[in-house]
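If you're wondering where the values come from, they're calculated on a predicted model, not measured in any experiment.
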Amino acid sequence: MILDFFASRSAHPLDDPAELRRVIAALPPDNPFKAVDEVFGWLESLQQADDVRVDRRFEAVRALDDAAQPHLRRLARDYLQSSRLSKNDERRLWSANHAYWEAVGSLYARCLRIAAADARSSGAEAFRNSATLASARLLAARGMQAKWFQFRYAAVPAAVWRELGGTYLAAEAAGVAQKPVQLYPQEPATTTVSALYLQSLALYSSSADSLSPLEIELADRLLGRFLAGFDFSPTPRADSVYWVDAGNGGPPMRLARDPQALTPTLRFFSGGASAPTIEALISQVERGELPADLKLGAQFPPRVLLPVLQHLALYWAPKPPMREHPRHAVRTRVAVLNGFDNGFSIFAGELARLGRENEAESWVIENVSLGGFGAVVDGVPGEYLKVGVLLALQPAGGDNWLLGVVGRCARDASERPLVGIRTLARYPLSVQLRPRASGLAAINGIPGIWLRQGGNEDEARFLLPPATFNLRETLEFFSNGGRWLLSPVELEESGEDFELARYRLRYDA
């Protein structure tokens with residue numbers, strides 16, 4: 001044992017602290033792709049090295065991981081906030097982020113396994129004080145993996161859930177699941193293994209498949225603020241809403257009824273006392289106030305934050321929502337064109353003239369309800385599919401088109417997209433809107449799609465291009481031989497490439 005303290009270092013270059021510092025200093029500061037790729041290469045080399053002592057292995061991984069964080073944040077920002085990424089760029093950004101978190105998580109897991117297998121070695125003894133941080137970083141890495149799968153509406157693999165649950169259970173057995181740790185030097189707040197596990201469970205249970213990727217990220221960051229009010233218990237309580245078996249590799253489930261047998265690895269959770277905190281923040285954001293301590297990684301306007309907060313308030317209320325309308329099984333095909341421009345052309349009667357009929361995809365409708373329908377996307381990549389994408393759909397055998405928006409996305413085991421579509425209108429009409437003003441502004445038309453469905457006859461809902469709605473601008477358009485005036489009321493929602501606005505409608509013959 002004494003000789004082990006003086007054991008020579010391995011041949012791996014990162015086993016030398018000076019070389020480790022040199023490698024980190026040489027990372028390109030202004031090329032995040034290259035920096036993350038270089039760190040990823042070093043992580044792979046450490047995974048293949050068997051003769052690096054566990055404490056030194058952990059220190060090398062920790063230092064590389066620290067250095068990679070600002071570059072990873074920039075890549076994630078590019079993925080989430082770039083308005084129009086090509087398929088190749090989107091795939092490249094997703095792969096770089098996901099591969100990094102898989103690799104760094106595997107190395108933290110390996111450190112923990114090595115230390116547990118030879119607990120009396122000098123390396124394991126030196127590593128002991130870092131074991132809780134290694135567990136926390138492993139949970140953070142697997143939680144990030146799970147989130148990147150959710151960005152693509154893909155199923156989170158059982159192996160990820162298994163390692164999340166297993167790491168939490170091991171920390172709990174060691175009595176350190178509630179021990180505060182500072183996850184990264186750039187993050188002054190502390191967290192715990194238990195909180196990191198609960199946050200991954202909570203994000204998955206928040207119906208992330210009905211949020212856009214940016215909204216998923218915001219929901220995750222906001223949940224970190226609310227977790228202190230959550231209930232997380234090994235036994236079911238009267239207000240428990242969800243449960244998970246931390247030992248079996250499955251995702252959390254809605255608690256429709258108690259599990260048949262209570263086992264030591266079951267955990268039950270709910271929003272607990274978080275609901276008033278969420279509602280208080282909603283009230284602040286509605287007034288245009290953002291708390292100084294609301295750290296979201298960037299500045300987001302209230303119109304972006306508010307829908308996410310309202311979504312979380314809905315799903316972490318004492319009684320989360322149930323399905324509003326029953327589904328009925330059907331099986332039929334529909335032709336699908338996506339995007340505002342295609343929708344405007346269709347409902348302006350210009351589709352044939354523009355020659356876009358052959359661009360339509362063919363989807364299979366599997367169920368319908370009063371509010372929309374569910375579809376399977378066969379034979380097409382579907383990379384553009386996200387919550388908030390506008391769709392024009394034509395049922396097989398019909399000549400009418402209807403308008404819908406993607407409200408939910410998932411992928412089955414074979415990676416086929418499964419899409420929930422919310423119907424917006426069955427008989428929309430495209431019109432050219434004009435600001436009610438003189439001069440050049442009045443000449444340039446604004447494309448709009450009048451939904452003409454439901455609600456007050458004195459009000460109308462219009463789909464507009466992004467960044468068009470102006471609460472101080474009255475619009476007008478001509479239809480049925482007369483002029484209609486639109487007085488703005490509110491912006492109801494924003495999608496991938498549209499805004500949905502409500503106006504007071506007045507016919508001015």
Side-chain angles (χ1 to χ4, degrees), residues 132 135-136 139-140 142-143 146-147 150 156 158 160-181 189-211 216 219-283 308-324:
T132 304
S135 296
L139 274 164
R142 294 302 181 231
K147 185 164 63 174
Q150 289 170 282
V156 179
V160 173
W161 288 120
R162 190 174 297 111
E163 194 149 52
L164 280 165
T167 305
Y168 159 74
L169 291 172
E172 190 179 64
V176 297
Q178 301 293 342
K179 180 180 177 181
V181 293
T190 60
T191 186
T192 67
V193 166
S194 180
L196 288 165
Y197 182 46
L198 177 57
Q199 186 158 350
S200 290
L201 298 176
L203 180 62
Y204 184 88
S205 303
S206 297
S207 190
D209 59 354
S210 59
L211 298 172
I216 292 172
D220 187 38
R221 291 179 178 271
L222 288 164
L223 281 169
R225 184 182 181 90
F226 304 135
L227 281 185
F230 275 54
D231 283 331
F232 188 52
S233 169
T235 55
R237 298 177 179 174
D239 64 346
S240 295
V241 180
Y242 301 97
W243 67 278
V244 66
D245 188 339
N248 78 350
M253 306 288 289
R254 186 75 172 261
L255 188 62
R257 60 175 182 267
D258 290 346
Q260 293 183 349
L262 294 180
T263 65
T265 57
L266 288 179
R267 295 295 181 271
F268 301 83
F269 60 102
S270 70
S274 66
T277 308
I278 300 174
E279 292 295 344
L281 185 53
I282 288 175
S283 297
V308 181
L309 283 166
Q310 291 168 336
H311 179 91
L312 292 177
L314 193 64
Y315 279 88
W316 294 107
K319 291 185 178 180
M322 303 296 287
R323 182 172 295 280
E324 186 177 0

Query - Any residue meeting side-chain hydrogen bond (donor to acceptor under 3.5 Å, both in side chains) with Tyr197, in chain and number order, not counting sequence neighbours - result: none
Query raised in the report: Are side-chain heavy atoms of Arg267 and Pro234 found at a separation under 4.5 Å?
Result: yes
Report task. Decide yes or no for Arg142 and Ser200: does some side-chain heavy atom of the first lie under 4.5 Å from some side-chain heavy atom of the second? Result -> no
**Report entry** Pairwise side-chain contact, Val193 with Val176, heavy-atom cut-off 4.5 Å (strictly under)
**Finding:** no
**Report entry** Side chain proximity check, Ser240 to Asp231, heavy atoms < 4.5 angstrom
**Finding:** no
Requested in this report: Report yes if some heavy atom in the side chain of Lys179 is under 4.5 Å from a heavy atom in the side chain of Thr192; otherwise report no.
Outcome: no
**Report entry** Min side-chain heavy-atom separation Leu201-Trp243 under 4.5 Å
**Finding:** no
Query raised in the report: Less than 4.5 Å apart, any side-chain heavy atom of Phe226 and any of Leu281?
Result: yes
Query raised in the report: For Asp245, what residues pass the side-chain hydrogen bond (donor to acceptor under 3.5 Å, both in side chains) criterion, not counting sequence neighbours?
Result: Thr265
Report summary line: In terms of heavy-atom contacts, Ile278 and Leu312 come closest through CD1-O, 4.2 Å
Query raised in the report: Any side-chain heavy atom of Phe232 within less than 4.5 Å of one from Leu227?
Result: no
Requested in this report: Output all residues satisfying ring-ring contact (aromatic ring centres under 6.0 Å, His included) with Tyr242, sequence neighbours left out; order by chain, then residue number.
Outcome: Phe269, Trp316
